[in-house]
Amino acid sequence: MKKLNVSILQFPGTNCEYDTVYAFKRLGHDTTLVWHKEESLPEATDLVVVPGGFSYGDYLRAGSIARFSPVMKAVQAYAGEGGRVLGICNGFQILTEAHLLPGALKRNANLHFISKFQHLKVVSTDNAFLNLCEKDEILNIPIAHADGNYFVDDETLDDMEKNGQILLRYCDAEGNPTVVNGSVRQIAGICNKEKNVFGLMPHPERAMEHILGSEDGSKMLEGFANR
Amino acid sequence: MKAIINVYLKEGVLDPQGKAVHHALGSLGFNNVKEVRIGKQIVLELDETDREKAMKELKEMAETLLANTVIEDYDIEIAE
């Protein structure tokens with residue numbers, strides 16, 4: 001496994017950055033927190049993580065204002081050159097607002113803030129993120145969000161299915177599809193066409209060790225060092 | 001000049017807030033409501049007298065930040 005330099009972004013209102021630092025340090029990687037006013041990323045960056053939280057208080061729409069922070073220009077250029085970017089929860093929302101990922105995240109269908117452990121089915125493993133998982137494997141990872149209702153038009157969605165861009169779906173313990181927040185086709189995580197930008201609503205950084213209730217998150221994050 | 005931008009979810013995109021309010025109206029006995037859609041109204045006070053120029057800028061504001069055109073539509077009114 002190679003040692004990664006992970007750059008973790010920090011916006012006003014981000015609150016999962018230290019959990020994310022902890023998670024990647026635990027896996028033996030180096031981490032740097034990058035304030036959103038920065039105009040460039042650390043030179044040696046192997047992976048950019050946009051962590052969870054409530055950037056700009058979720059005003060207007062979740063992620064809509066953070067997307068215009070100076071650092072996002074650098075992230076866009078980095079992703080454009082094939083650099084890897086992972087958005088978790090609010091980070092996923094920011095990446096869709098920045099058009100680095102297709103679709104958009106709406107208010108949960110039941111209008112509740114949902115916070116609980118949730119089973120997920122691994123849909124596609126042919127990517128850097130989930131290459132240590134088995135296809136159809138069932139993972140158990142916490143979710144905590146009010147705006148996780150993923151929407152994209154049917155045509156784009158069919159294309160995404162074909163390209164292996166659907167990464168994770170909500171399911172029950174037996175793997176049956178489960179409606180959690182109203183997401184189209186129960187989608188919990190996706191990637192872009194080029195497979196270098198990843199986004200998911202669940203929080204792998206909160207499932208890094210047995211004492212937290214699950215270690216399934218480490219399997220996901222470790223994938224980046226494996227491939 | 002004053003401008004109002006209304007942002008709402010596109011036709012065909014499920015509006016969970018509208019649904020909840022529709023249900024609540026039904027429980028209150030208002031049974032003749034067929035559908036409820038909830039949007040956002042953004043009121044802007046512009047330092048601008050040229051209507052056409054203002055309209056162009058407002059459109060740009062809506063497209064870049066105020067509406068997410070993947071899921072939302074918008075309309076613009078200039079009030080005076």
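Order of the sequence lines fixes the chain letters, A, B, ..., with proteins taken first and strands second; residue numbering starts at 1 for each chain. The figures here come from the full heavy-atom set of this structure, side chains too, leaving out hydrogens, waters and symmetry mates.
Atom CZ of A:Phe151 is separated from atom CG of B:Leu14 by 9.5 Å, given to the nearest 0.5 angstrom.
Judged as a side-chain hydrogen bond (donor to acceptor under 3.5 Å, both in side chains), and not counting sequence neighbours, the contacts of A:Asn131 are A:Asn226.
By a heavy-atom distance cut of under 4.5 Å, A:Glu97, A:Gly103, A:Ala104, A:Lys106, A:Arg107, A:Asn108, A:Ala109, A:Leu111 are the residues of residues 93-116 of chain A near chain B, going up by number.
Listed by first and then second residue, the ring pair (Phe, Tyr, Trp, His ring centres under 6.0 Å) pairs that reach into residues 171-205 of chain A are A:Phe129-A:Phe198, A:Phe198-A:Phe224, sequence neighbours excluded. Residue pairs meeting the salt bridge (Lys or Arg N to Asp or Glu O under 4.0 Å) criterion with at least one member in residues 68-77 of chain A: none, sequence neighbours excluded.
Counting non-hydrogen atoms of other residues, nucleotides and ligands closer than 6.0 Å to CZ of A:Phe117 gives a total above 12. Counting heavy atoms of neighbouring residues, nucleotides and ligands inside a 6.0 Å radius, atom CD of A:Glu161 exceeds 12 of them. Around the NZ atom of B:Lys19, the shell of radius 6.0 Å holds no more than 12 heavy atoms that belong to other residues, nucleotides or ligands. Remark: A:Lys37 NZ is loosely packed, at most 12 non-hydrogen atoms of other residues, nucleotides or ligands lying under 6.0 Å away.
Using modelled atom types, one side-chain atom of A:Arg61 and one backbone atom of B:Leu65 make a donor-acceptor pair closer than 3.5 Å.
Heavy atoms of B:Leu66 lying under 4.5 Å from chain A belong to its backbone as well as its side chain. Residue B:Val7 does not touch chain A at all, counting heavy-atom pairs closer than 4.5 Å.
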